Amino acid sequence: MTDNQNLSLRSVITQIADQLCDTIDNNFDIHVAVDTPDTEGQKLALLVNFLLENVRRSLDDMQSLNMQLEDKVKERTSLLDLILAGSNDGVWIWDIANDELTLSGRWYSMLELPHDANTQSPEFWLQQIHPADRGRFRDAIKRLRKGESEHLNVEYRVKTAHQGYRWMLCRGVCQKDNNQQCSIVAGTQTDISAMRIFDQESGMTNERYLRERVEDAITEEQSLFLVYVTVENIDAILTSSEHPSNAMLYPIIQERLSKVSNLHLVASKLSAITFAVMGFESELAATNLTIEDVCQQLRDNCANTQRTFDDEIRFEVAVGAVVSSMLRIEQSQQLINYAWSALRRARQLGQTCIFTEAHISQDSRRMRVEKELRRSLMKNALAPDYQAIYQGKTKTLEGFEALARFRHAELGTVSPGEFIPIAEDAGLMRELGYSILDSTIATIKQWQSGVLRDHPFYIAVNVSAIQLQDPYFADNVLAKLEGANVSPSRLKLEVTESTLVESFKHAAEQIDKLRQQGVRIALDDFGTGYSSLSYLRSLAIDTLKIDRSFVANLHENKQKSAIIKTVYELATELDLSVVAEGVEEAEELDFLNSIGDMAIQGFLLARPLPADEAIDQLPRGTY
Amino acid sequence: MIGIIQQVLLELLDQHGGNELKQRVLKAANVDPSINYRIDKNYSDDECLRLINAAVIETGLSETTVYQHYATAFLKKAQALFPRFFEIADDSEGFLLRQARIHAVMASGLKRQDERQHVNDKFTATSIEPGKVRVIYRSANGLCRLYQALAFEVAALYDDEIEFEEPCCMHQGAVHCEFLISWPNKRQEVACD
Ligand code: HEM
């Protein structure tokens with residue numbers, strides 16, 4: 001190589017190197033040019049250019065890949081945004097390492113808060129949660145972070161800017177770092193208030209909502225009233241109207257329960273037939289209404305007595321109310337209990353009941369009775385009394401009726417009028433019924449091998465509606481009789497019309513089964529119901545018991561005597577025996593005897609007595 | 001057309017007919033007689049075609065003979081300039097498959113992107129199967145005869161035997177030329193497997 005050539009090549013290298021310096025700024029968009037006539041120099045420049053071109057192409061490829069990725073991310077983000085907007089959920093991301101919380105705009109707006117901070121501390125979140133729910137939330141997060149649960153799924157209330165609370169469902173998952181530690185937790189927050197507080201079937205607010213509203217009012221020391229309303233004639237309405245289902249009645253009920261003067265009442269559904277109306281006392285004062293007025297208006301609305309509503313439906317309702325300022329209320333549950341108590345009283349009394357302090361002590365007696373009744377039933381310590389029943393003319397002993405009695409060391413003798421409704425409310429009727437049946441069968445067993453060995457007698461036992469709905473009732477009774485070696489003919493079961501109304505078909509099946517095995521059936525309180533005669537036609541029975549209301553003073557009352565005569569004739573015609581209840585006067589007995597042969601039950605001949613006394617006091621010659 | 005093509009032609013004319021032949025051709029082709037073709041520069045395709053035509057006329061040889069001589073000279077020059085390209089390829093098949101990419105390297109020497117693209121657009125070589133390569137040539141210059149000469153020269157360089165077909169040709173009205181080059185010995189090897 002000549003010196004000239006050397007020089008030329010040096011200058012080529014310098015030229016190329018100088019031009020390559022531009023790449024320091026990441027600028028590869030350069031074209032290296034050399035002015036040498038030397039082909040080798042041109043070759044070097046050419047290959048450098050080739051290299052540069054490849055660098056450019058790779059960069060371009062990377063950039064377009066990047067752009068594609070960005071587009072994809074954008075597309076996915078906007079899709080995610082769309083889904084989230086559609087779901088109306090708030091989004092949260094908690095960077096645990098930096099203890100930083102990022103919340104979406106929707107998250108803030110759910111709480112009616114301005115979206116003015118990009119990140120928050122987790123404490124901010126906790127502060128929004130109802131104090132009562134914070135512990136639960138903390139626990140759920142802890143479990144997630146420890147890996148004890150895979151998903152976060154927790155419900156809590158959050159405070160909204162307007163001092164209300166809304167229910168949220170918070171869901172999330174954990175992202176783990178290389179050490180399997182939870183580094184980021186992220187998820188969504190869904191407003192489930194509506195789902196929680198509305199009854200699916202009726203669209204009315206539910207009991208939960210009522211509870212929360214009552215709780216809020218009590219906490220905020222706002223005086224409120226609750227009116228509980230039970231529709232008593234729902235079955236009759238459903239069978240007779242063109243509204244074949246409850247669901248169709250709910251909007252009508254809701255309307256009627258919400259329209260009381262200008263009050264803002266919220267009606268909630270507590271059960272298929274029971275509803276609650278809540279309002280504030282301040283509004284009562286403002287509209288010059290008393291709680292009694294509200295109750296009366298609600299009754300009127302339900303029965304549509306004022307013809308306020310277009311439709312013909314007349315709801316017969318029981319109404320019980322409670323006003324928080326009239327009582328010392330510390331917890332929302334108290335007020336709710338009182339409202340139930342008022343409703344129970346209203347149903348028993350058949351008139352509106354406004355709950356007062358006086359009711360509280362009655363309630364505590366009631367609770368005591370219920371508790372002791374439960375205890376006695378558990379210990380099998382309930383022994384019935386037995387009232388003897390005689391043939392009216394011959395005075396021969398026919399049998400007895402077992403009558404539920406509750407004698408307690410401290411409470412004294414609790415009358416059936418008091419404890420039967422309590423047992424009904426407390427769901428103890430079934431147990432009570434079986435307890436009396438067991439005692440009765442034991443008594444029959446004892447007597448049939450004792451004094452009454454040679455005398456055909458029976459003991460009648462009252463059967464409640466709930467017992468007759470039990471498809472195994474007849475089997476149970478028959479098994480008990482067999483177990484005690486007692487003939488079914490010794491047992492008579494007394495059913496009342498009201499017992500049968502509930503579910504006539506089931507009751508009739510049980511009665512038939514029992515009767516086929518020889519158990520006798522009496523229709524109790526005959527004449528007091530509406531449709532006694534129809535039962536006579538469709539139910540296989542043995543005995544009619546004429547209600548005491550027809551017997552009292554019948555010798556002085558032509559109507560009563562006419563009724564009894566007719567009933568007697570009817571019974572004879574149908575081959576049924578007759579028992580007259582509540583016979584207390586000799587004149588009554590004489591009159592009944594003058595009608596025909598019937599059995600007599602009443603104080604005149606025998607009082608209800610404990611088993612031993614009942615036997616001891618049987619007059620000689622009657623058995 | 002990148003200067004290497006013309007450079008080789010002028011050198012060839014110079015070798016065989018001296019400067020006088022070279023100048024005659026330059027003159028007939030209406031090209032600046034003092035021109036120094038560079039391998040990193042673009043010159044008009046037209047000028048190149050004029051030079052080739054002038055060479056055929058002035059030498060009095062057939063076009064095929066000119067191409068054959070040219071191919072030998074060109075590859076000699078290419079080999080001297082870029083020996084690595086020839087080492088990288090194991091055989092003539094490997095080389096012919098890389099030919100289009102070698103052109104792309106050469107095109108990098110051009111400053112303008114459209115000029116580079118113009119070079120790159122001319123050839124695509126794909127392997128149909130071992131021992132069979134398809135080349136698509138789409139250049140308005142219609143130098144398919146030159147291609148064929150170069151292909152045979154490459155095969156000779158590697159001591160390979162090839163079969164050359166041109167199922168379609170722009171001279172017959174096709175949109176592009178298609179060359180099918182096969183290595184019958186190689187295909188036999190595969191067939192024997
Ligand atoms: C190291 C080897 C090679 C080098 C450096 C090389 C380089 C070049 C260059 C720079 C051009 C001008 C391209 C333009 O400006 O459009 C060209 C054109 C051409 N080369 Fe090659 N080449 C090589 C091998 C081959 C081989 C092996 C063949 C054929 C088998 C071939 C066939 C052609 C043809 C036909 C043209 C003319 C294309 C046209 O303008 O229509 N080259 N070559």
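Note that the structure is a prediction, hence the values are computed from the model and not measured. Residue numbering restarts at 1 for every chain, and letters A, B, ... go by the order of the sequence lines.
- Residue-environment remark: NZ (B:Lys41) stays at or below the threshold of 12 foreign heavy atoms within 6.0 Å.
- Counting non-hydrogen atoms of other residues, nucleotides and ligands closer than 6.0 Å to CZ of A:Arg10 gives a total of 12 or fewer.
- The environment of CD in A:Gln200 is sparse: at most 12 heavy-atom neighbours from other residues, nucleotides or ligands sit within 6.0 Å.
- With a 4.5 angstrom heavy-atom cutoff, B:Ile4 does not touch chain A via any of its atoms.
- Taking OG of B:Ser108 as the start and CG of A:Leu51 as the end, the distance is 9.0 Å to the nearest 0.5 Å.
- More than 12 heavy atoms of other shown residues, nucleotides or ligands fall within 6.0 angstrom of atom CD1 in A:Ile83.
- With a 4.5 angstrom heavy-atom cutoff, A:Glu53 touches chain B only via side-chain atoms.
- Other residues, nucleotides and ligands contribute only 12 or fewer heavy atoms inside 6.0 Å of the NZ atom of B:Lys76.
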(request) For side chain to side chain contact (heavy atoms under 4.5 Å, CB included), just list the numbers for B:Arg116 and A:His31, CA-CA rounded to whole Å, side-chain angles, deciding distance to a tenth of an Å, and then say yes or no. (result) CA-CA 12 Å; B:Arg116 294 199 292 268; A:His31 185 84; 4.2 Å; yes
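- Around the CD atom of A:Gln63, the shell of radius 6.0 Å holds no more than 12 heavy atoms that belong to other residues, nucleotides or ligands.
- When all heavy atoms are compared, the tightest approach of B:Ile39 to A:Gln42 is N-OE1, 2.7 Å.
- Using a 4.5 Å heavy-atom threshold, the side chains of A:Thr39 and B:Arg38 count as separate.
- Residue A:Val34 comes nearest to B:Asp40 through the heavy atom pair CG2-OD2, 3.9 Å, listed as atom of the first residue, atom of the second, then distance.
- Contacts of A:Val32 with chain B are absent, with no heavy-atom separation under 4.5 Å from either backbone or side chain.
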